[in-house]
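Written below as structure tokens is the structure these notes are about.
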Amino acid sequence: MGKIVDTKMKFLVDALVKSYYDNVEIIKFDTAEQLNRSLIIELTEKLRCLIFPGYFGKKNISGGLIEYHTGELLDDVNYNLTKQIARALRFQNPPQADEDLRSARASELSFAFLSTLPDLRDVLATDVSAAYDGDPAAYNKDEIISSYPGIYAITVNRLAHELYKLGVPLIPRIMTEHAHNITGIDIHPGATIGHHFFIDHGTGIVIGETTIIGNFVKLYQGVTLGALSTRGGQVLKEVKRHPTIEDHVTIYSGASILGGNTIIGEGVVIGSNAFVTKSVPEKTKVSVKNPELQFMSDEQQNKWEHKEFQQDGVFDYMI
Amino acid sequence: MGKIVDTKMKFLVDALVKSYYDNVEIIKFDTAEQLNRSLIIELTEKLRCLIFPGYFGKKNISGGLIEYHTGELLDDVNYNLTKQIARALRFQNPPQADEDLRSARASELSFAFLSTLPDLRDVLATDVSAAYDGDPAAYNKDEIISSYPGIYAITVNRLAHELYKLGVPLIPRIMTEHAHNITGIDIHPGATIGHHFFIDHGTGIVIGETTIIGNFVKLYQGVTLGALSTRGGQVLKEVKRHPTIEDHVTIYSGASILGGNTIIGEGVVIGSNAFVTKSVPEKTKVSVKNPELQFMSDEQQNKWEHKEFQQDGVFDYMI
Amino acid sequence: MGKIVDTKMKFLVDALVKSYYDNVEIIKFDTAEQLNRSLIIELTEKLRCLIFPGYFGKKNISGGLIEYHTGELLDDVNYNLTKQIARALRFQNPPQADEDLRSARASELSFAFLSTLPDLRDVLATDVSAAYDGDPAAYNKDEIISSYPGIYAITVNRLAHELYKLGVPLIPRIMTEHAHNITGIDIHPGATIGHHFFIDHGTGIVIGETTIIGNFVKLYQGVTLGALSTRGGQVLKEVKRHPTIEDHVTIYSGASILGGNTIIGEGVVIGSNAFVTKSVPEKTKVSVKNPELQFMSDEQQNKWEHKEFQQDGVFDYMI
């Protein structure tokens, strides 16, 4: 049923293979050394199991068994991660051509990365606490760890950020873009984020590469921490393009904070949909000016009306 | 290649196991009784097959065969759901310590839940109709059922809401956060939603736990039905924090409606990006005031200009 | 454990089967001819492998082997796609009742579609270039192809758009809604999009069915290219309801451009959160008017203050 005759199929194959040699920009001939995206995603999930033991894995970790399972899983992660890092190092700038040296360096980097897991657990425990304390809808910590997209995103980001700091190319971004796919929260692995970080709802959040975020910061859905202009393109690669957010800042839904010199001081509250391109001093509330509404009832077709009382309490959410 | 020497691996394992005992906030030792998140997601997909038979399953359900397949699938869902509910009941407040009583209660709850499926089918059929009637881009109802993220989200929400009403902990939120992952639409299982509910596009929508939504309501992407302030944290758990939306309301993209005392009356239309924290009487249109634009041509660098004509028709989308 | 007694299970099955016959709007009895959604998603992934060889597949494509793997994969895609198209044609308007004619037509359509792959590769290579040139955070083209959600979305859209132009029902939308699930970017398969198209971040973007987009266009997260009003519902099916965006236009985050007669001229820059329902002449910058902020420090509780200096540089991101 429905088979194309052989000459037609040959025509299609020839045309496509010709296109591969005509346009080599988007083909990868050396697949043997290609990074394995689905394996990297699998490693990310296994790292989550090592961070939150018992929540996602199926193994019995009670009693003395925890050491066996941890050892087995950690060895598996280290073995595969080392191989992927060795491949990624081919893209380093300047590249390391010698395969043995790449391999030895990959082994060092994997060890350095896995050594950070205990500290990452401590800081992620503060993120879980911040989510529980900040969200009346949270049932308990189990719900937060097993369901909250914000915890998923920050877990993957903290892991990827360690690899980013070690200078491992490509792998950190594959990890965070996977978390972006799952959660709608787009945190670049370069972003530096303090403890007790809480993302509520989260869909549409963007946090750029050179962002610095302090402790006890709370972000709502749709917040952008971005660059003022990227017209410079690749020329801007090493420049601090994204803002600095100090401790105890809350940023409500849909607000944008832009620019590498923009510093949001300690304790600041930024209102919904505010568009901020300058620094804000500490302990200040910021809101869009005149967030007024107009009204039109059925009887007043074509005439909008302003109702003063509607403005009362419009900032109550920022209390 | 790239193997860490054994002493190094032992160092990593010891450090991580030590961290498990040092920080027990984010470890789950009793995995035998742990909820199985991937099984709950699988059950959610099977429940979708029971709601929309023939759309997602692969079985031949023509003629008299439908009873066999329904019986087999329903028995499978009931068996596994009962076991997961029994585990979830350990987290109930107050907890039920007796395993046999938990098991018996879980069986009752699963039966009560599955008894609602016929009624859920009737209301979901109205949602499919609302999507078809409201969207010129809809090709037919098959497209809506098989592709529309809004239908996916409301299907999972209606299922989870029944479990939520029955007092089952944790499982409803695992179901709705899975739908949030898939669709970018974040509906808390506590939200009460009437028939003929239509979500267009949907990414970024947030609907809070104590929201009440009437019949024939239409929401666009990026709408928030949220709380005014969550500073109270866990103290606010039982309080109505989210708005009430009455029948035949349309809320355009990016609008926020906040607060537990905020009632949006019948037939109201809320314009894009409006930020509403007070009640709106029935049959009223609401828009941001002066949604004016300014313009700068190549010749007028540094000088923004206001063009009156641009404001004509700016509210035509609310007609 | 926890089993419902048989009479209760029989009650549940009977009630549900009765509901299937009572409400036939959302049941599909002829499953043998039902489209297979997961197979269509699998085909979409295989088409991505054919577009970007070596990036996602696991096969060694070096040397002369590429022809074997391409032939095998293309034959597999063609075989399964033809069968799915034949099923989809049953929903065509007017429907083709004759199964043999549907099958022959499906074979023609699959061939016509697969013939476009070399041209699609050329235009997708321009999209990858636009992403690299426009994003300082891009490490290299490998990162873009393997991780960027914007490239994922535009790849699936360009594939689906070819099927859409050929008049294939349902399949294009299943493909693009899958990409919407993965990326949060909602592009209708009907949208026509030029070369060098770049989506940055992307979550929350909506591009409607009758949108026309020129070359070198750049969109940020949360942009809507939508309809003014869909109150007409199905009556509007064939009408141009969505805007036209000419070459070299940049649209910043959260902006909405609405209406079928709205033309955004060449070289226009639309600022964040602008709400545009009228045409804009070429080489013009457009921004929300008075995007002013107000401030309240700890000492000035209850009194908002306007700080003039804050408005300096507020449009620097549009340079």
Side-chain angles (χ1 to χ4, degrees), chain A residues 50 52-55 59-62 66-67 70-71 74-75 78 82-83 86 103 106-107 111 114-115 117-118 121-122 124-125 128 133-137 139-140 142-143 145-147 149 182-184 201 203-204 221-222 253 272 291-298 306 310 313-314 316-317 319, chain B residues 1-4 8-9 12-13 15-20 23 25-32 34-35 37 91 169-170 173-174 177 180-181 184 186 188 203-204 206 208-209 222 224 228-234 236-237 241 254 256 258 273-278 283-289:
Chain A
L50 287 167
F52 300 107
Y55 280 96
K59 299 287 174 58
N60 179 6
I61 58 168
S62 59
I66 198 167
E67 199 167 340
T70 305
L74 206 53
D75 189 45
N78 175 58
T82 302
K83 288 209 293 187
S103 185
S107 182
F111 176 75
L114 294 173
S115 303
L117 291 184
R121 288 192 76 244
D122 288 341
L124 280 161
V128 173
D133 295 340
D135 183 6
Y139 191 84
N140 63 17
D142 281 46
E143 186 177 80
I145 294 172
S146 63
S147 307
I182 298 289
T183 64
H201 308 300
T203 310
Q221 68 273 18
S253 61
S272 275
E292 290 177 62
L293 297 175
Q294 53 190 0
F295 299 81
M296 192 198 287
S297 71
D298 258 13
H306 183 214
Q310 278 284 339
V314 73
D316 282 2
Y317 73 100
I319 291 167
Chain B
M1 168 211 180
K3 291 269 279 180
I4 289 175
K8 279 189 165 181
M9 180 51 73
L12 289 177
V13 174
L16 197 51
V17 171
K18 178 174 182 308
S19 131
Y20 291 157
N23 194 331
E25 287 291 301
I26 55 173
I27 187 169
K28 195 88 196 164
F29 286 106
D30 53 346
T31 45
Q34 173 68 359
L35 283 172
R37 187 174 175 277
F91 299 97
L170 300 176
R173 186 70 182 267
I174 290 174
E177 285 297 345
H180 183 192
N181 287 348
D186 178 357
H188 193 284
T203 310
V206 173
E209 182 176 19
T224 295
L228 265 179
S229 174
T230 55
R231 204 188 184 82
Q234 289 293 323
L236 297 170
K237 214 192 247 300
R241 309 179 301 279
S256 298
L258 305 184
N273 304 322
F275 192 82
V276 179
T277 61
K278 292 278 172 188
K283 297 187 177 59
T284 306
K285 288 189 172 66
V286 181
S287 162
V288 292
K289 199 184 169 192

Name the region of [X], side chain, backbone, both or neither, that has any atom closer than 4.5 Å to a heavy atom of chain A.
X	result
Glu25(B)	both
Leu258(B)	side chain
Val286(B)	both
Asp186(B)	side chain

* **Val17(B) side chain reached by Val13(B) side chain, heavy atoms, under 4.5 Å** => yes
* Counterpart residues, side-chain hydrogen bond (donor to acceptor under 3.5 Å, both in side chains), relative to Gln34(B) (two or more places apart) -> none
* Return the set of residues passing side-chain hydrogen bond (donor to acceptor under 3.5 Å, both in side chains) with His188(B) (not counting sequence neighbours), or none when no residue passes. => none
Part of [X] within contact of chain B (heavy atom distance under 4.5 Å):
X	answer
Asp122(A)	both
Gln221(A)	side chain
Leu74(A)	both

* To do: Return the option, out of Ala137(A), Gly184(A), Gly222(A), with the maximum number of heavy-atom pairs under 4.5 Å with chain B.
  => Ala137(A)
* How long is the gap from CZ on Phe91(B) to CG on Asn140(A), to the nearest 0.5 Å? -> 6.5 Å
* Asked: Counting distance only, does the side-chain N/O of Tyr20(B) pair as donor-acceptor with the main-chain N or O of Thr70(A) below 3.5 Å?
  -> no
* Asked: Judged by atom type as modelled, is there a donor-acceptor pair below 3.5 Å linking the side chain of Arg121(A) to the main-chain atoms of Asn23(B)?
  -> yes
